[in-house]
Every structure is written in C-alpha cells, then in structure tokens.
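Have a look at the structure below, then the notes.
Note: hydrogens, waters and symmetry copies are ignored here, and every other heavy atom, side chains too, is used.
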Amino acid sequence: GVGEGYGTPESIEAERNAYDSADAFALGNTEYAAGRLEGARQRYLEAVRFSPTHSFAWANLGNVQRELRDMSAAVESHRTAVSLLPTRARHWYNLGVSLYSSRSNLNQAVDAFESALKLNGAMGNAQYNLGVALAELGRHADAKQRYIEAAKLEPNTMVGFGARCNLCNLLASSDGLAAQAQCLRSLLDDAPLYERAMVNLAGTLQTLAEAGKSVVRSETAKLAAMAGYDQRNKLAAMAAPRDAEGEGEGEGQQPPSEEAEEDLSDQATALAVAAAAEVAGALTPTALLKEARRLYRRALEVNPSSALAGHALAALEASLSKEADSRDKNSKEKGKERGKEKGRSRRGAAKKGTSAVPVEASAEYVGALFDSYASEFDASLASLGYQVPRLVSQAVSAVLTARARGKLGDGEELGSEELGLAVDLGCGTGLCGPWLKSYARKLIGVDLSSRMLEVAAARVLNDPQVERLAGRPPGKLVKGQAKASRAGIAPKGRDASSAAPGGEGGSAAQGGYAYDELRLADMGAALLDLDKGAADLVIAADAFCYLGDLDRLFSAAAHALSPGGLLAFTAEALEQVLDQESTQSAETNSAVGSLGAMEKAKGDAPDPLLSPGWRLGPSGRYQHSRAYLTGLATQHGFVALAELSSKVGPNGEQQGLVTARRRHADPEADPVKAHLLVLTYRP
C-alpha cells in the first residue's frame, strides 16, 4: 500500500527542496574549488535555505565565511552543523578553527578540538590546532603533548613538521635557547628543505649571539653537557657485551674488566671534552651569526621569494660587514691584506645582491613575520618585560591632561582631553587600543598583518592582558563614542579596510571593543588616505623599528594631523648600539647624528651600513638617533612637547631613553633602550 503522506503536496515540496539543496550544494563545491568564494557562499546559502538540516552545507558555508573573514557568521554556521550531526568529528574540528580564528573564546575552541579528537583521535590537524590554542592560553605542557601527537600521526607532512617546529619554539622558554636550537637542527635533519625551520633556527642563533656573554656561556655549558652525555652513551653501547645475534648481553658472558671500564671512562671523558670544545667553538657570536647567514641563504634557495629570509639576510649581512670593518680598523699589521679580502668578499656579495641595505622592511616581510607570530605575540611580549604600550599611553595621557589644564603653554586650540580621530600605526594585537579609546571618539588601527588585526578586532576595553602589559586604562570615555559594527576583518587587498566586530560597542561585561576600524595597509599610505588634518592623534608604539628612513612617514603624519595634533612614538635608540661598540672605537661614542660625516672626514668612503641617524641591526630592526628624529620633526613642522625618560644622567639631566623590553626571555637579559617622544604639529 501507499504510505501515509506519500504524494502529498508537502512531500513533493520536500523532495523538490532536497533535490534543489543537493544541486546548490554541488554548485557551491564547484565554485569553491575554482576559488570563487562569494559564489560558493551564495550557493551554500541556497542549499541550507532549501534544506535547513543539511549539516554538510552548513559546515561548508562556515568554512567559506571564515575565509571571507565573516567570523561571527562562520562560528554560527559551524555550531549549526555540529547540532545537526554531533557525531561527525570534522564538524567539531571546523567549529574549533572558526572559534580560534574569531578570537571570541579560546577555551571554547579547545573544547571543540577535544570533542573532535574524542570522535577521531587520528586527526593530525586537530591535534596540531589544539596545541596552538593551548599554547596561546599558556598551557605549554599540554600544548607540547599535542604537538608530539600531531607529529606522530603525520610524521612526514607539513602538519607534522609544523607541530615539531612549534614544539621547538616552546622549548625556548622552558629549556633555553640551546634546547630550541638542538630541536630545530633535529627537525632539519628529517626535513632539510623545510623553510620555516631554517628561518627559525637562524633567528634562534642570532638571539643567542646577541644575548650577551653570560647567556652564551650558560648555553654553551648546556650543549657541551648534552654532547658529552651523547658521547658516553655511544661508547657504552659500543662496549656492551652482545650475543651471537647482536641483540644485547648474552647469557653467561662476562662483564667488562675494571681495566676496561676505566679505559672506557677515559675515552668517554676525552670525547666529551672534545665535544664540549667543538660546541663552545660553534657558539661564539661570530660563528653563530655565520651559521645563521648560511641558513637564510639555504632558505632563499628553497624559496627565492621568501620575504622573511630575504630581509633577515640583508640585516645580517650588514652586521657581519660592519664587524669585518671593525676588525680591519683594529688590526694595523694585517689591515691591507684583510682589506683586499674584504673587498673581494664584498664584490662577491654585491653580485649576489646581498650587500644592499634596505631603507625599510618590505610589506611582505612585516606581514609574513607577524602573521606567523600573532598567536604567541602577547605571551611573548609578557616574557620580554615589554613596556612600550604602557609608556606611550602614559606619555600621551600626561600631555593631554596637562593641555586640558592649560599647563603646557603651547597655545593650541585643542584645549581638552577629548580627541576626534586617533590612529594607531602598527597596532598589532591592539595593546594600545583600550588606552587610546579612552580619549578618542574614533580609533583606527593600521597594520600589515591580517592575523594581528584579527586579534586586535577582538580586543576589548578592559582586557586583562592589556592591564598586565600596559596598566589599567582610564575608566572615563568621551561622549559620543563611536560604536563598532559586526563586519569583522575583511581585507581583500593590502589597502582594504573594515570595522571591528562587536556591534553596539561589544558586550557590556567587557566594556566594548577598542577599535572602530582596522585597516590592512602600509603606515604611510594609511595616513595619506585620510583627509588632510583629519586626525588629532597618531601613535606608533614600537613600529618605527621596521623603517630606516622615516622622512616619508613624518610627511604623511603632517598631512593627516590637524594643527595642534599629536604624534607620539618610540624608536629603538641607536645611541645604545654605539655605546656598546665604544670599546672598539673611542670615536664612535660621540658619533650620533653625524656618522657618515665622520667617516668622510677620515678619508674613508661613507659606511653603507649607516645613514645619518639610523642603522639596520642584525635582528632586522632599525635603530634611530635622537638627533635624526628631532631633526626630521623640525623639518616637517613638529615641536616636541614631552620626552619620557627612565634614565638620569650624572648631573641629574634626563637622557631621553626608556627601557622598551629585554633582549630575550630572561630577567637578567640586557634591556633594549628606546626614544619616546610626543610631538605637536605646528604647520
């Protein structure tokens, strides 16, 4: 007989909808495979409209929404897919990825990845991404275990290699730089063409080379101990009695004599000493930097377009060339011969295109660097004792408060704490955002890293991480504060822009989102895109270190700022670098602001590694002198209102340097000094 409901209008409509949904789903897959994301989104929307219970259509829709940076919609689509088919591990995994990418709730992302693994423990991607989320939450021991599992599941894939690389990076904070380097070397033994491991190992070696003699000695001792331990184990294995099949100690065989044991101990000691000496030789700063250079060159052979390796190599070549110059100048007896060798070396380097010093880091380099760093950025800065957001925010607050009370005497029309538009250049994850939003009706963040902007988009005004790194922002908010939309970060090109998520200023519990708009753009280009005089405040907290020549940036700031507007920034101090080199040249200590002229006066060609007032360091960051910064300020119509200092000279004078951070994650590590200036624009 005919079943109940068969052939009814309702059943016919349901069958037609099922067919239409299947067709739309198939078309969506075709569009997605062709890279037409918007077309795929429309087809998947049709599929779920025809069949609201089609969990795979919901899952694919969520994936496309995530790629289009519509994060909140992606999370909701994946939640729907999970609710419809909770036994499918892949649905839980996709939900975890969208939760992590949206920055809305990392703990929920962890829960989703764990749910996926309960259903299918062999998902290497889920193990890897769970490790990433756990690491960002500070659960490093748990993260390490997940990375180990991912590497076991996919030992010869990019997932496995990536998991091992992340594991090596975690070792830096728990076991030290030597352990990180050893781990990365082991990874490269198994994956010799893995570019990321080459670049990371090179960076680790540079950090070690620049960390200071005490740290190098400590890490040398660790590696020497490892080397000696390995040698003893190898000798013991060679000397162990074996049975006929070579499977280990056989029955009835005699243990080695006391003389043999003593001889074994002597051999082990001798080899351990030799291994320690070899390790110690390999850990001299020069040897470390040369190995780093070799690794960057290898990375460029694997990927000639690698922005990370390209800029890092240029910076390192500059440093090694400067070091060679210093040795030549301090060696009179062999100076001529070394000069010839150096000349030959430089000519060879010039042919390879490695000797030119870039005037700024490329947009590709900065974007790639911070895209890879975004998930660990805040935690890493905390381990470095990072001070810049707090110092810049406090300096700006002090100037605005003094101006509002008429204590600056600068005669500017802007006579209150209230600002219209503030622009945060190189905003990164948005650590300065909550402070700036306390004074501005509208806040725009600018960065070259889309992943850093994703984090900034979720930054709320009373974020505890901001309080840890920058202190508690003022509670007072100006009237008429702009609200953010739920558009999410949707950069389609390097100059694209969008608003931050959060609707109606974010949740009441969190106090609202910090940024009204986020732009994926070059700093100078973003300022020039504004109407002339549109901004009341422009800040660049630890952003000038990726620019050598700042003339273009100061010009763009003058365009964007209103008369009386403020430009506040930090710049790593070239003076600190020169002080550290003063033992090699007594003249260097007084060379600030006239380095090229000094070289000329001595009859030498100008040093290609130094421009008047700035230098590219081996880390790939630029340092600037105070004379250069204040000279540019005057040239472009700026006047200094404040210069924050944490250092007092012998006669009580302020020397103009603040401590930005430590060189690496060690409380005893050398500090990095910076200039901090607040300027006002007076055209």
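At a threshold of 4.5 Å between non-hydrogen side-chain atoms, the residues Met523 and Tyr546 do not count as touching. In this structure, Trp435 and Ser397 have side chains that are in contact, with non-hydrogen atoms separated by less than 4.5 Å. Arg552 is listed as a side-chain neighbour of Asp522, based on a closest heavy-atom distance under 4.5 Å. Proximity of Tyr439 to Ser393: side-chain heavy atoms (C-beta onward) are nowhere separated by under 4.5 Å. Between Ser77 and Gln65, some side-chain heavy-atom pair lies under the 4.5 Å cut-off. The side-chain heavy atoms of Leu400 and Leu419, taken from C-beta on, include a pair separated by under 4.5 Å. The side-chain heavy atoms of Leu391 and Thr570, taken from C-beta on, include no pair separated by under 4.5 Å.
Looking only at distances, a side-chain donor or acceptor of Asp516 sits under 3.5 Å from a matching main-chain atom of Leu443. Of the possible donor and acceptor atoms, one in the side chain of Tyr628 sits under 3.5 Å from a partner among the backbone N and O of Leu550. Side chain of Thr401 to backbone of Ala398: no donor-acceptor contact under 3.5 angstrom is found. For the pair Asp531 (side chain) and Ala534 (backbone), a donor-acceptor distance under 3.5 Å is absent. Side-chain atoms of His624 do not come within 3.5 Å of backbone N or O of Arg615 as any donor-acceptor pair.
Checked options Val199, Leu300, Leu308; the residue passing with Leu313 is Leu300 (criterion: side chain to side chain contact (heavy atoms under 4.5 Å, CB included)).
In this structure Glu76 satisfies the side chain to side chain contact (heavy atoms under 4.5 Å, CB included) test together with Arg79, sequence neighbours excluded. Residues passing the ring pair (Phe, Tyr, Trp, His ring centres under 6.0 Å) test with Tyr365, sequence neighbours excluded: His311. When the side-chain hydrogen bond (donor to acceptor under 3.5 Å, both in side chains) test is applied to Arg41, the partners found at least two apart in sequence or on another chain are Glu38. Not counting sequence neighbours, Glu195 has no partner by the salt bridge (charged side-chain N to carboxylate O under 4.0 Å, His left out) test. Qualifying side chain to side chain contact (heavy atoms under 4.5 Å, CB included) partners for Ala40, counting only residues two or more places apart in sequence or in other chains: Glu31, Tyr32, Tyr44, Val64. Every ring pair (Phe, Tyr, Trp, His ring centres under 6.0 Å) that Phe544 has, sequence neighbours left out, goes to Phe569.
Taking all atoms of both residues into account, the shortest heavy-atom contact from Ala422 to Ala440 is CB-CB, 3.7 Å. When all heavy atoms of Gly428 and Asp447 are compared, the pair lying nearest together is N-OD2, 2.8 Å. Shortest non-hydrogen contact noted between Cys432 and Ala541 is SG-CB, 3.9 Å. When every heavy atom of Leu453 is checked against every heavy atom of Cys427, the shortest pair comes out as CD2-SG, 3.7 Å. Here the shortest heavy-atom pairing between Ala315 and Leu616 reads CA-CD2, 3.5 Å. Here the shortest heavy-atom pairing between His675 and Ser625 reads NE2-C, 3.9 Å.
A donor-acceptor contact closer than 3.5 angstrom links the side chains of Tyr515 and Asp424. Side chain to side chain, Asp536 and Ser562 meet the donor-acceptor criterion of an N or O pair below 3.5 Å. Side-chain contact, Arg66 with Ser98: a donor N or O sits under 3.5 Å from an acceptor N or O.
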Q | Stepwise side chain to side chain donor-acceptor pair (under 3.5 Å) test for Ser101 and Glu454 | A | CA-CA 7 Å; Ser101 299; Glu454 288 172 7; 5.3 Å; no

Q.
What verdict does the side-chain contact (heavy atoms from CB on, under 4.5 Å) test give for Leu567 and Phe638, after you've listed the backbone C-alpha separation in whole Å, the side-chain angles of each residue and the deciding distance to 0.1 Å?
A. CA-CA 8 Å; Leu567 171 63; Phe638 290 93; 4.0 Å; yes

Q) Are Tyr513 and Arg459 close enough, and set up right, to give a side-chain contact (heavy atoms from CB on, under 4.5 Å), and what steps lead you there? A) CA-CA 6 Å; Tyr513 289 90; Arg459 185 72 70 188; over 6 Å; no

Q. Is there a side-chain contact (heavy atoms from CB on, under 4.5 Å) between Ile444 and Val446 once you walk through the steps?
A. CA-CA 7 Å; Ile444 296 175; Val446 178; 4.2 Å; yes

Q.
Applying side-chain contact (heavy atoms from CB on, under 4.5 Å) to Arg621 and Asp542, what does each step give before you reach the verdict?
A. CA-CA 10 Å; Arg621 296 162 68 95; Asp542 203 23; 3.0 Å; yes

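Leu425 contributes atom CG, which lies 10.5 Å from atom CG of Leu448 (distance to the nearest 0.5 angstrom). Atom CG of residue Asp549 and atom CD of residue Glu360 lie 8.0 Å apart, to the nearest 0.5 angstrom. Once rounded to the nearest 0.5 Å, the distance linking NE2 of His636 with CG of Asp551 reads 3.5 Å. The CG atom of Leu566 sits 7.5 Å away from atom CG of Leu561, with the distance rounded to the nearest 0.5 Å. In this structure, CZ in Arg451 is found 8.5 Å from OG in Ser372, a value given to the nearest 0.5 Å. Remark: Gln394 CD to Leu676 CG distance equals 10.0 Å, nearest 0.5 Å.
Aromatic ring centres of Tyr681 and Phe554: separated by at least 6.0 Å.
Between Glu517 and Lys442 there is a salt bridge, since at least one side-chain N of the basic residue sits less than 4.0 Å from a carboxylate O of the acidic one.
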